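Worksheet for the structure shown next.
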Amino acid sequence: MTDLIPLLPDVEAFLEGPLSLRIGGGKIDTAGSIEVTDPSFGTPLCTVAKAGAAEVDLAVAAAAEAYEGPWSSMTPDERSQRIWRLAELVDQRAEIFGQLDALDNGKPFAVARDVDAAYSARHLRYFAGWPSKIEGATIPVSVPDRFNYTRIEPVGVCGLIAPWNYPLLMAVWKIAPALAAGNAIVMKPAEQTPLSALYLADLALEAGLPEGVLNVIPGIGTEAGAALAGHPGVGKIGFTGSTATGRRIVEASMGNLKKVSLELGGKAANIVFADADLEKAVAGAFWALFGNNGQSCTAGARLYVQRPVYDKVVEGLAELAAGVSVGPGMAEAAHDLGPVISERQMQTVTGYIDSGLSEGAECIAGGGRVGAAGYFVAPTILIGVTDTMRAAREEIFGPVLCVLPFDDEAEVIARANDTDYGLAAGLWTQDVTRARVLAERLKAGTIWINCWGETDAASPFGGMKQSGYGREMGADAIALYSQTKSVWVV
Ligand SMILES: NC(=O)C1=CN([C@@H]2O[C@H](COP(=O)(O)OP(=O)(O)OC[C@H]3O[C@@H](n4cnc5c(N)ncnc54)[C@H](OP(=O)(O)O)[C@@H]3O)[C@@H](O)[C@H]2O)C=CC1
Ligand SMILES: CCCCCC/C=C/C(=O)O
C-alpha cells in the first residue's frame, strides 16, 4: 500500500464542490456531468459539471458583457495589477494547484507544484507587464495632409481549449496573453483534467478580474469544444492538442472566420553527434522523452545517435531507465513519473510498443504496463527501429523512446525533417558551426542545442508544418490575441 500525501483542507473543500461551471462570476450547475478519474488508481475522483452548447452560449455572453463593460474601461495599469495579483495567488496556492494537477493528471505532486504551478505564476507575471506596452505606431504615409496611426486592440471574446498534459500550465499559456491584450475568455479544459482551471477561475475573481472576464467551462471536446470553436460571438480560438482536432477546429471556425492559433502534435528529432559531451547528451536525451512521461508535444521521440557512439548512448539510456521510479501522483515517496492520463492512452501507448516489436524493433527497457491498478507504462526504449515504422513516425504521447543510428550530417538532417510535424528539434555537439547550420536547416519552431525543453514566457513557442501556427509567449503571443486598426485623420 503506497503512502499518500494527505489532501490539503482547501483541496478537500474544493473537491466537495459543487464543481460547477464558472460563468460570469457565478457557479452554474448542469444536467449532465463528467466523471473525472484518478489515473494513478483508475478510480473515480470527482464529478464536474458538463457544459453543452447552451452553456457555451451563456459563457460567451458573459464574456462579451465583461469585455464591453468593466474590463475594457480599465486602464492598462489596472489590468496589469490584476494579472500580477493572479500570479501572486498562483504562487501562494502552488501546493493546492500541485495537488489538483497530481490528482486528475497523475503527475508527481512535487513536479506539479514546483514546475507547472511555478511556471504558470511566472508566465502570468511576464504578461502582467504587457498591457502598458502594447503600442501602435504613427505611419509615414505619402498622402498629403493626412495623419495615419495604428491602434492595437483586443479581439474581444477568446475561446481557449486546453489539453490534459499540463492542465494548469497550458491553460495559463493562453489565458495570460489573452488577458494582457485586453480580451475576455471562455476556457474549456480537457475533460480528464478540469480541476486546476476551475480553481484558477475562482482565484481570478479574488485577484480582482471583473466577473465574466475568465469563464471556465469543463465539457467534452466534440460538444462544448466544438460549440466554442463554431460560436459566432467568439473572435479567436487558442488551441493546444492533437493535429486531428486542430483540423476540426479550423473547420468549425470558418462560419465567422475567427482567428485561430494551433499548438499541435510533434515527433521531435533529437540528434546526438559523436563529438557531444555524452554524459550530458544521454541524460538530456533521456529526459527529453521521458519528462512528463512522454506526454509532451515537444517530446524528443526520435533519438538519432551517430554510429560511433550509438552503443555507448544506448547503454547509458538503459541504465537511466532502470533507475526511474514510478508512482501515484500523490505518493509520499519521491518518484520520477506518474501514470499516463487514461486507460485509453495506456492502450494507445502499449499498442505502439507492440507495433514496434512486431515490425522488428527490440525493447531494451520497459515494454508494457506496470501493475494492475492505475495506468502505468514502464519507461520503454526501442532500438532496431527504422524511420518507416509507425512507432517512429506517429506521435505516441507516452513513455516510448525510439533510438536510431545515423552516419553523417546531411543524412540526419534529411531524416529529421522527414515528418509532417515541426514543433521542436534538438542536437548535441561541441562543434559550433555544425550547431549553427543545423539550427538553420532543421524545420521546427524551436531548436535546442545541448539542452532540451527550455521555454520562457518571453520566448516565442510554436510549430511549423502540421504542428500548427501562431507563436505562444513573448510579443508574438500578444499579437495572437490582438488586432491592428489603422486610423486616418484629417
Ligand atoms: N500537442 C499537445 O500538447 C497534445 C497532443 N495530444 C495528442 O492527441 C492525442 C489524443 O488526445 P486527446 O485528449 O484526444 O486530444 P485532443 O486534441 O482531442 O484534445 C485536446 C483538447 O481539445 C478538445 N477537443 C476534442 N475534440 C474537439 C473538437 N472537435 N472541437 C473542439 N475541441 C475539441 C479536447 O476536449 P476533451 O478532451 O474534453 O474531449 C481537449 O480539451 C494524444 O495521444 C496526443 O497524441 C493530446 C493532448 C495535447
Ligand atoms: C515546464 C515547461 C514544459 C513545457 C512543455 C511544452 C509542451 C507543450 C505541450 O505539450 O503542449
Side-chain angles (χ1 to χ4, degrees), residues 34 36 48 50-51 53 56 101 104-105 107 111-112 114-120 122-123 159-174 187-194 197 216-231 234 237-253 260 262-268 287-288 291-301 340-342 344-349 351-352 394-398 400 421 423-424 445-446 448 452-457 459 461-463 466-468 472-473:
I34 299 174
V36 180
V48 302
K50 181 174 77 157
V56 171
D101 275 2
D104 65 12
N105 171 282
K107 64 176 68 195
V111 173
D114 300 340
V115 179
D116 295 58
Y119 276 55
S120 297
R122 220 188 279 175
H123 207 78
L160 308 180
I161 301 176
W164 42 259
N165 52 344
Y166 297 89
L168 176 65
L169 187 60
M170 288 303 112
V172 167
W173 273 20
K174 294 170 176 34
M187 148 71 56
K188 192 204 85 65
E191 64 189 86
Q192 299 90 341
T193 56
V216 175
I217 53 164
I220 304 300
T222 48
E223 300 166 8
L228 196 56
H231 202 288
V234 173
I237 291 284
F239 171 74
T240 296
S242 63
T243 297
T245 300
R247 278 197 196 91
R248 276 181 216 118
I249 283 174
V250 172
E251 281 164 18
S253 73
V260 175
L262 302 171
E263 204 267 87
L264 306 176
K267 190 73 184 177
W287 290 111
N292 211 42
N293 224 355
Q295 300 177 125
S296 282
C297 51
T298 50
V340 298
I341 189 67
S342 61
R344 192 183 75 167
Q345 193 67 11
M346 181 176 72
Q347 282 159 0
T348 303
V349 174
Y352 275 110
E394 296 175 14
E395 183 176 49
I396 298 178
F397 227 66
V400 182
Y421 294 116
L423 190 62
T446 295
W448 286 298
W452 193 276
E454 313 287 346
T455 60
D456 187 278
S459 175
F461 176 91
Q466 293 184 34
S467 289
E472 303 196 288
M473 305 209 255

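Note that ligands are numbered from 1 as they come in the structure, with each ligand's atoms numbered from 1 the same way. Since the structure is predicted, the reported quantities are computational estimates derived from the model, not experimental observations.
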Decide yes or no for [X] and [Y]: does some side-chain heavy atom of the first lie under 4.5 Å from some side-chain heavy atom of the second?
X: T446; Y: T298; value: no
X: N105; Y: I341; value: yes
X: I34; Y: Q192; value: no
X: V234; Y: V56; value: no
X: M473; Y: D456; value: no
X: F239; Y: L264; value: yes
X: Y421; Y: T243; value: yes
X: W173; Y: F461; value: yes

Any [X] heavy atom less than 4.0 Å to ligand 1:
X: G219; value: yes
X: Q295; value: no
X: Y166; value: no
X: Q192; value: yes
X: R344; value: yes

Hey, which atoms in ligand 1 end up nearer than 4.0 Å to a heavy atom of [X]?
X: C297; value: 1 (N), 2 (C), 3 (O)
X: W164; value: 11 (O), 12 (P), 13 (O)
X: N165; value: 3 (O)

Heavy-atom distances under 4.0 Å decide this one: backbone, side chain, both or neither, for [X] against ligand 2?
X: E263; value: side chain
X: F397; value: neither
X: N292; value: neither

Which heavy atom of [X] sits nearest to which heavy atom of [Y], and what is that distance?
X: I237; Y: I249; value: CG2-CG2, 3.8 Å
X: M187; Y: A162; value: SD-CB, 4.0 Å
X: G265; Y: L423; value: O-CB, 4.1 Å

Hey, is ligand 1 close enough to [X] that some N/O pair sits below 3.5 Å?
X: K188; value: yes
X: G241; value: yes
X: L264; value: yes

Original post:
Which of the listed options, S296, G221, A162, holds the heavy atom that is closest to atom 21 (C) of ligand 1?
Top reply: A162
**OP:** Out of M187, E395, K50, indicate the one that has the non-hydrogen atom closest to atom 45 (O) of ligand 1.
**Re:** E395
Report yes or no: does [X] contribute a side-chain atom to a donor-acceptor pair with the main-chain N or O of [Y] at less than 3.5 Å?
X: E395; Y: K267; result: no
X: K188; Y: I217; result: no
X: W452; Y: W287; result: no
X: D116; Y: L168; result: no

Around [atom], find the nearest protein heavy atom and jot down its residue, atom name and distance.
atom: atom 44 (C) of ligand 1; answer: F397 CG, 3.3 Å
atom: atom 31 (C) of ligand 1; answer: G225 C, 3.2 Å
atom: atom 39 (O) of ligand 1; answer: E191 OE1, 2.6 Å
atom: atom 6 (C) of ligand 2; answer: W173 CH2, 3.7 Å
atom: atom 22 (O) of ligand 1; answer: F239 CE1, 3.1 Å
atom: atom 1 (C) of ligand 2; answer: V115 CG1, 3.4 Å
atom: atom 26 (N) of ligand 1; answer: T245 CG2, 3.4 Å
atom: atom 43 (O) of ligand 1; answer: Q345 NE2, 3.1 Å
atom: atom 48 (C) of ligand 1; answer: P163 CB, 3.3 Å
atom: atom 8 (O) of ligand 1; answer: S242 CB, 3.0 Å

Original post:
Hey, is E263 close enough to K174 for a salt bridge, meaning N to O under 4.0 Å?
Top reply: no
At a non-hydrogen distance cut-off of under 4.0 Å, which region of [X] contacts ligand 1 (side chain, backbone, both, or neither)?
X: T348; result: neither
X: E394; result: neither
X: A229; result: neither

Subject >> Contact check: T240 vs ligand 2, nitrogen or oxygen atoms, below 3.5 angstrom >> reply: no
Original post:
Rounded to the nearest 0.5 Å, what separation is found between the CG atom of N293 and the CG atom of N165?
Top reply: 11.0 Å
Original post:
To the nearest 0.5 Å, what is the distance between CH2 (W164) and CZ (F397)?
Top reply: 5.0 Å
Original post:
Between K107 and N292, does any side-chain donor sit less than 3.5 Å from a side-chain acceptor?
Top reply: yes
**OP:** Taking only heavy atoms of C297 into account, list the atoms of ligand 2 that are under 4.0 Å away from them.
**Re:** 7 (C), 8 (C), 9 (C), 10 (O), 11 (O)
**OP:** Taking only heavy atoms of S296 into account, list the atoms of ligand 2 that are under 4.0 Å away from them.
**Re:** 10 (O)
**OP:** Evaluate the 4.0 Å heavy atom contact test for atom 1 (N) of ligand 1: does a protein atom fall under the cut-off?
**Re:** yes
